[in-house]
Amino acid sequence: MAEKPDSLPQEIMEAENFINELLSDTKHPVHNRAHPFHQDSVNALNNMMQRLDAMRDEWLSRH
């Protein structure tokens, strides 16, 4: 089935769902400053959110 031209791309929706799930997972290192991977997790999340913002901006500029 073809995607509607004005619908949000699947890649953006999947990334948003992933971020929501990650932020809902209270046991993830992103929520625990004492975890050895906390800062790496926060940096990865920030990078992912910046990329998602860029994807949204690019999509919005076409519509």
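Heads up: numbering here begins at 1 and tracks the sequence.
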With distance as the sole criterion, is a donor-acceptor pair present between the side chains of E21 and N17 under 3.5 Å? no

Filter on salt bridge (Lys or Arg N to Asp or Glu O under 4.0 Å), then keep only pairs touching residues 54-63, sequence neighbours left out; what's left? E16-R56, D53-R56, E58-R62

Would you call M55 and P9 a side-chain contact if the rule is heavy atoms closer than 4.5 Å? no

For H35, ring-ring contact (aromatic ring centres under 6.0 Å, His included) partners two or more places apart: F37

Atom CD of E14 and atom CG of L52: how far apart are they, to the nearest 0.5 Å? 11.5 Å

I need the minimum non-hydrogen distance between S41 and H28, along with the two atoms involved. OG-CE1, 3.8 Å

More than 12 non-hydrogen atoms from neighbouring residues, nucleotides or ligands closer than 6.0 Å to CE on M49, yes or no? no

Residues forming a ring-ring contact (aromatic ring centres under 6.0 Å, His included) with F18, sequence neighbours excluded: none

Please assess Q50 against N46 for the test side chain to side chain donor-acceptor pair (under 3.5 Å), listing each intermediate value before the final yes or no. CA-CA 6 Å; Q50 287 176 352; N46 286 341; over 6 Å; no

Looking only at heavy atoms, what is the nearest atom pair of L8 and M13, with distance? O-CE, 3.5 Å

Under the side chain to side chain contact (heavy atoms under 4.5 Å, CB included) rule, what do L45 and L23 come out as? Steps first, then yes or no, please. CA-CA 10 Å; L45 177 60; L23 294 176; 3.8 Å; yes

Where M48 and I19 come nearest, the two heavy atoms and their spacing: SD-CG1, 3.6 Å

